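Reviewing the structure listed below.
When a ligand or atom number is given, it counts from 1 through the structure's own listing order. From a predicted model like this one, the values you see are computed outputs, not experimental measurements.
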Amino acid sequence: MSLIFDRYERVIDYMRISVIDRCNLRCVYCMPSSGISPFSHKDILSYEEIIRIVKVAAGLGVRKVRITGGEPLVRKNLEYLISSLNGIYGIEDISLTTNGVLLAEKAFALAAAGLRRVNVSLDSFIPERYKEITRGGSLDTVLHGIQEAENAGLSPVKINMVPVKSVNDDEIQHFARLTIEKPCHVRFIEFMPIGAKDAWSREKYISTEEIKERVSQIAPLEPVKLRRAGPARYFRFSGAAGVIGFISPITHHFCGSCNRLRLTADGKLRPCLFSETEIDLKSSIRMGSDDSEIERLLRLAVEIKPEAHAINQQQDFAYLKPMSRIGG
Ligand code: SAM
Ligand code: SF4
């Protein structure tokens, strides 16, 4: 089986695919309250186009695919895409990042189609607060979705929380404590200056160091080595059923282990989350490119992948496209 390395000797074996930029929530840190004007259906990649790209990518060495969005479960018949990707030689792992709103009704069908695991974004266990952060979401619906994902064998469920100062940071310890009894992964993601323009400020941002310090006040953390850790650093409380991950896009430890390419909903290959450089794969495909041209563009994306982003060194951040467009 082939492997593809970038210029900094990182193996690139992971593709994050945004299947839609629309979402059924409007999280305050991700989208403006008005939402974003979505791509029209003809502007987003068809499932057949995505399948073709992944086939070529698998030939180069991509082994893992994560489906994301916007909210991926909003796109119709996602099971078809998942089962098709599952049949591609070389693809070993398919996972999904979701807000969980539609998970209860779809978990079993997704698992049957070949989905292995889900990450669910959840930023509060207080119903009113959850509703405020997501601008209208129902906590019960998401908790039911998580339960159904577990029942369907999509485990371990990973819960992603973005702590924001004075919004939900008083729940950090509550989230961490969940791992004592439950064999889940709770992952804290640093709040990034990306997405909703007026949402981010240095005052609201909490570093991994600070989050970890608050978690460690419960009990000491032991480092854990996980096979598919990606950019997260994992720890556990002694004897706990689950693990706690820290994802630090702003402060550190992120780029050196970056093994991914992103494919946006409108068919752009994006080598780095924090760089606006994109390669327009969709236009090339729609102009009739053959697979060797798709391969050339994939290789180019790997070739131009930067060594690291410098976002923490910037005083004023240049706001990037919302995560819902890029594929979070
Ligand atoms: N809608 C799905 C969901 O919420 O899981 C998938 C897409 S969402 C853009 C993917 C992830 O990006 C979520 O875990 C969300 O919390 C995260 N995200 C969005 N905006 C962010 C920001 N400004 N800082 C940190 N994480 C962010
Ligand atoms: Fe939608 Fe996910 Fe963005 Fe929330 S974080 S608005 S659920 S895309």
May I ask you to check whether [X] has an N/O atom sitting below 3.5 Å from an N/O atom of ligand 1?
X	value
D123	no
T68	no
T97	no
N119	no
P72	no
C30	no

Inset, instruction - Identify, by atom number and element, the atoms of ligand 1 in contact range of T98, meaning under 4.0 Å from any of its heavy atoms. - result: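 Answer, ordered by atom number: 2 (C), 3 (C), 5 (O).
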Legend entry - Ligand-side contact atoms (ligand 1) for residue partner E71, heavy atom cut-off under 4.0 Å: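 Near E71, the atoms of ligand 1 are 1 (N), 2 (C).
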Legend entry - N99: numbered ligand 2 atoms lying under 4.0 Å from its heavy atoms: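 Every atom of ligand 2 under 4.0 Å from some heavy atom of N99: 7 (S).
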Legend entry - C27 and ligand 2 - part of the residue with a heavy-atom distance under 4.0 Å: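 Looking at C27 and ligand 2, atoms from backbone and side chain both fall under 4.0 Å.
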Legend entry - Options G70, G69, C30, ranked by nearest heavy atom to atom 5 (S) of ligand 2, top entry: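 That would be C30.
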Legend entry - Results of side-chain contact (heavy atoms from CB on, under 4.5 Å) for R296 - residues two or more places apart only: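 So R296 forms a side-chain contact (heavy atoms from CB on, under 4.5 Å) with E293.
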Legend entry - NZ on K158 to NE2 on H185, rounded to 0.5 Å: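 Going from the NE2 atom of H185 to the NZ atom of K158 covers 6.0 Å.
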Inset, instruction - Please round to the nearest 0.5 Å and tell me the distance separating atom CD1 of I279 and atom CG of L263. - result: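 One finds 11.5 Å between CD1 of I279 and CG of L263.
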State plainly whether the residues [X] and [Y] are in salt-bridge range, i.e. N to O under 4.0 Å.
X	Y	answer
R214	E210	yes
R10	D6	yes
E222	R236	no

Legend entry - By salt bridge (charged side-chain N to carboxylate O under 4.0 Å, His left out) - contacts of D140 (at least two apart):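 If we apply the salt bridge (charged side-chain N to carboxylate O under 4.0 Å, His left out) test to D140, skipping adjacent residues, there are no hits.
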Legend entry - Pair R66, T97: side-chain N/O donor-acceptor within cut-off below 3.5 Å: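 A pair is found: one side chain offers a donor N or O, the other an acceptor, under 3.5 Å apart.
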Inset, instruction - For G70 and ligand 1, answer yes if some heavy atom of the residue is under 4.0 Å from a ligand atom, otherwise no. - result: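 True for this residue.
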Legend entry - M161 touching ligand 1 at heavy-atom level, < 4.0 angstrom: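 No.
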Inset, instruction - Measure from the ring center of F246 to the ring center of F235 and say whether it is less than 6.0 Å. - result: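 Yes, ring centres under 6.0 Å apart.
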